[in-house]
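Structure first, commentary second.
Numbered from 1 within each chain, the chains take letters A, B, ... in sequence-line order.
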Protein chains: 2
Amino acid sequence: MEEGTLKSPGHTGDTDPSCPAGAVYPYDVKQWDTREDCEVRQILDRIADKWSLLVIALLDCEGLRFTELRREIDGISQRMLTRTLRHLERDGLVSRTVHPTVPPRVDYALTPLGSTLHATIQSLVTWTERHQREIAAARAEYDARAEREALDHGA
Amino acid sequence: MEEGTLKSPGHTGDTDPSCPAGAVYPYDVKQWDTREDCEVRQILDRIADKWSLLVIALLDCEGLRFTELRREIDGISQRMLTRTLRHLERDGLVSRTVHPTVPPRVDYALTPLGSTLHATIQSLVTWTERHQREIAAARAEYDARAEREALDHGA
DNA sequence: CAGTATCCCCGCAGATACTG
DNA sequence: CAGTATCTGCGGGGATACTG
């Protein structure tokens, strides 16, 4: 991304210097370079980050409220849920509808584009659920073997 | 993970303090807590990290050498490729076979378990390839709208 | 309720140099 | 060739406090 020089002087925290001057983004919704050398990587980074997969898997087609997502996901902080949703919204995968009531109510749902992702991601998540025991076993075995080898070499 | 007290005194770098004492792991192959409160998250973190998806997608069933993977993936550092492969090996998704020749030759391939993941991940990767334009468009639109709204509020 | 703003840590990941 | 070792920076992400 090679633009350290653009960095605004007093910048310490979260906001992104590469955003169009004057635009204010919540947190640091990135402006990706559109140079084509790494598009797929960028998109993968977004989809396969810590929370996006779970959010998309949960959203299915019916909308959920902010708090419902928060409760469902377990472990996600308010900050990260907001950021994740903003990113997904920006990528056109999730729609955000604000009901101007008080207290406010915001619903999130998959867009048509997002829906085309849902099946795949769902199957990824269920795969991990189905195979967690096998993976845990593999890890245990690997660790045991590594430890034995370490002992052989060490002493 | 709440075990800051376990941290070995002089520890600064990459290795993992939670590994069984005396075992030496390459880099910092993590020892996950097996307490069940966050298993799926852990596994997802591993599978859906920056490089694993691409590695698995590439490996298919036929084996590839270290350097072939390195060349194919583009942008990955030697360090990250090694680490990713070690993690996948530990999780029982990838097998590593060393040919005791000189110079050495190491082949990586999907295990049967890994193969069950391949289809899903492949479809995830091809999805991003197929929809990158739509996503780019969505981003542009989002940014444009955000900028307009920022101007309305600002001035 | 649904966010923003701010502070701050630590672990990911790149760069570089060295080895069997 | 296929790694390991070490240093370092940056940004992901948690915690907390505040607002419309």
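- Checking dG14(C), dG3(C), dG20(C) against every side-chain atom of Pro104(B), the shortest atom distance belongs to dG20(C).
- In this structure, Arg83(A) fails the cation-pi test against Trp51(A), since its NZ or CZ atom is not both closer than 6.0 Å to the six-membered ring centre and inside 45 degrees of the ring normal.
- A salt bridge links Asp143(A) with Arg90(B): at least one charged nitrogen is closer than 4.0 Å to a carboxylate oxygen.
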Walk me through whether Asp91(A) and Arg139(B) qualify under side chain to side chain contact (heavy atoms under 4.5 Å, CB included).
CA-CA 5 Å; Asp91(A) 288 356; Arg139(B) 284 174 179 175; 2.6 Å; yes

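- Counting any heavy atom pair closer than 4.0 Å across all strands shown, Arg70(A) reaches no nucleic acid atom.
- Per the geometry, CG belonging to Leu54(B) stands 12 Å off P belonging to dA13(C), to the nearest Å.
- In terms of heavy-atom proximity, Phe66(A) sits nearest to Leu81(A) at O-CD2, 3.6 Å.
- Relative to the side chain of Gln78(A), the nucleotides dG3(C), dG14(D), dC1(D) differ in distance, and dG3(C) lies closest.
- Distance Asp74(B) CG to dA13(C) C1': 16 Å, rounded to the nearest Å.
- The distance between atom CG of Leu64(A) and atom P of dC1(C), rounded to the nearest whole Å, is 16 Å.
- We find that CE of Met80(A) is positioned 14 Å from P of dG3(C), with the value rounded to whole Å.
- One interatomic measurement links the two molecules: CZ of Phe66(A) to P of dT19(D), which rounds to 18 Å at whole-angstrom precision.
- Across all their heavy atoms, Ser77(A) and Arg70(A) have their closest contact at C-NH1, 3.8 Å.
- The separation between Asp45(A) atom CG and dA13(C) atom C1' is 12 Å, rounded to whole Å.
- Candidate nucleotides dT6(D), dT4(C), dG14(D) were compared by shortest atom distance to the side chain of Thr82(A), and dT4(C) ranks first.
- For DNA chain C, runs of at least 3 consecutive pairs of the Watson-Crick or G-U wobble type, with both hydrogen-bonding distances under 3.5 angstrom, map to C:1-20 with D:1-20.
- Out of dG12(D), dT4(D), dA13(C), the shortest distance to the side chain of Arg83(A) is found at dG12(D).
- Residue order along DNA chain D, read from the 5' end via each residue's closest nucleotide, puts Pro103(B) first among Pro103(B) and Ser77(A).
- Between Ser52(B) and the choices Val94(B), Leu88(B), Leu93(B), the side-chain contact (heavy atoms from CB on, under 4.5 Å) rule is met once, by Leu88(B).
- Comparing atom distances between the Arg86(B) side chain and each of dG13(D), dT4(C), dG3(D) picks out dG3(D) as nearest.
- Of the candidates dA15(D), dT6(D), dG3(D), the closest approach to any side-chain atom of Arg79(B) belongs to dT6(D).
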Take Ile47(A) and Leu117(A) through the side chain to side chain contact (heavy atoms under 4.5 Å, CB included) test and state the conclusion after the steps.
CA-CA 10 Å; Ile47(A) 285 169; Leu117(A) 239 184; 3.8 Å; yes

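- Counting to the nearest Å, the P atom of dG3(C) and the NE2 atom of His99(A) are 11 Å from each other.
- Taking atom CD1 of Ile76(B) as the reference point, atom C1' of dG14(C) lies 12 Å away to the nearest angstrom.
- Comparing atom distances between the Lys50(B) side chain and each of dT4(D), dA13(C), dT4(C) picks out dA13(C) as nearest.
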